[in-house]
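Structure record follows, encoded as structure tokens.
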Amino acid sequence: FRTTLLKEFLSSPRACISVLENRLNHKDMQLEDMDGDKLAAAEADTQTLTELQDLARAVDEPTFPKYAALRDRVQQILKEDKGKARVVIFSERIQTLEFLRESLIRDCKLKWKPGPPPKNGKITNEIETFHGSLDDQNQKALVNSFGSKDSKIRVLLASDAAAEGINLHYYCNHLIHFDLPWSLITL
């Protein structure tokens, strides 16, 4: 659990909060079902996890330097290439991808509407998220759109699912790893 928590913490505050919430809601942490030494240990763990959760919640975007650096770099790329730049940003955590999407939409003024890609395959969002829980049709639509010359997508947020033999390099020459992979083989 410590390694998982560290990975989430190094990814983003939102990812860290998510794993802490999951742990606090786990059946092994239900205090009403315990007594004795188990209860004392679970109470101590609950207190520690709650304190960590409060600390993670205190990290907002202005005090999250990793995000600030990413935001500044993406803004610079989009400004320099005058609306033609395309950026792929990798993260291993879905919660981090969601955080990045919400924050970059606001800070870089990117157009985005929720929902699946349109039936005609013409994606009009300027930012999209690619991850393994998307169905094959949505994954294919995102890859095809991002790889076409007239694509509206400027920023593609991607999990490791996009690193598995998918060509994203057409018309895109900016790649940013928001999370460095833990596996040296992957890196």
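Sequential numbering from 1 along the given sequence is applied to the chain's residues.
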Residue pair L142, I153: steps toward the side-chain contact (heavy atoms from CB on, under 4.5 Å) verdict: CA-CA 9 Å; L142 281 174; I153 303 171; 4.2 Å; yes
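- The closest side-chain heavy-atom distance from S151 to R86 is below 4.5 Å.
- At least one side-chain heavy atom of L78 sits less than 4.5 Å from a side-chain heavy atom of V74.
- Here R101 contributes atom CZ and S91 contributes atom OG; the two are 12.5 Å apart, rounded to the nearest 0.5 Å.
- Partners of K66 under the salt bridge (Lys or Arg N to Asp or Glu O under 4.0 Å) rule, at least two apart in sequence or in another chain, are D179.
- The CD1 atom of I89 sits 12.0 Å away from the OG1 atom of T96 when rounded to the nearest 0.5 Å.
- In the hydrophobic clustering of ILVMFWY residues, with side-chain heavy atoms under 4.5 Å counting as a link, L157 and I176 come out together.
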Listing, residues 40-49 side-chain donor-acceptor contacts under 3.5 Å, not counting sequence neighbours, or none:
from, atom 1, to, atom 2, distance (Å)
T46, OG1, A42, O, 2.8
Q47, NE2, E51, OE2, 3.1
T48, OG1, A44, O, 3.1

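- Residues K113 and T124 form no side-chain contact, since every pair of their non-hydrogen atoms from C-beta on lies 4.5 Å or further apart.
- The residues R23 and E8 are annotated as not salt-bridged, no charged nitrogen and carboxylate oxygen being separated by less than 4.0 angstrom.
- Remark: H174 engages no residue in a ring-ring contact (aromatic ring centres under 6.0 Å, His included) (not counting sequence neighbours).
- The shortest non-hydrogen separation linking P13 to A56 is CB-O, 3.6 Å.
- Note that CD of E92 is 12.0 Å distant from OG of S12, once rounded to the nearest 0.5 Å.
- For K7, the NZ atom counts as densely surrounded, since its 6.0 Å shell holds more than 12 non-hydrogen atoms of other residues, nucleotides or ligands.
- Side chains of V155 and C108 form no contact here, defined as non-hydrogen atoms less than 4.5 Å apart.
- In this structure, F64 and F178 have perpendicular ring planes: the angle between them is above 60°, well past the 30° mark.
- When all heavy atoms of S145 and S148 are compared, the pair lying nearest together is O-OG, 2.9 Å.
- Side-chain contact check for Q75 versus K79: every heavy-atom pair is 4.5 Å or farther apart.
- The nearest pair of heavy atoms linking F146 to V87 is CZ-O, 4.1 Å.
- Following chains of ILVMFWY side-chain contacts shorter than 4.5 Å, one can reach W112 starting from F99, so the two form part of one hydrophobic cluster.
- Note that the CG atom of N125 and the CD1 atom of I105 stand 7.5 Å from one another [nearest 0.5 Å].
- Annotation for Q95 and A15: closest pair CB-CA, 3.8 Å, computed over non-hydrogen atoms.
- The closest side-chain heavy-atom distance from F130 to Q139 is below 4.5 Å.
- Here the closest non-hydrogen pair linking I123 and A141 is CD1-O, 3.7 Å.
- In this structure, the side chain of E126 engages the main chain of K111 through a donor-acceptor pair within 3.5 Å.
- Counting heavy atoms from C-beta outward, R2 and L6 have side chains that stay 4.5 Å or more apart.
- With rounding to the nearest 0.5 angstrom, the CZ atom of R73 is 4.5 Å from the CD atom of Q76.
- In terms of hydrophobic clustering, with Ile, Leu, Val, Met, Phe, Trp and Tyr side chains grouped at heavy-atom distances under 4.5 Å, L110 and L97 are assigned to a common cluster.
- In this structure, L175 is a member of the same hydrophobic cluster as L156, with clusters built from ILVMFWY side-chain heavy atoms closer than 4.5 Å.
- Put simply, CZ on R154 and CG on L104 are 15.0 Å apart, with the number rounded to the nearest 0.5 Å.
- V19 and L52 end up in the same hydrophobic cluster when Ile, Leu, Val, Met, Phe, Trp and Tyr side chains are linked at under 4.5 Å.
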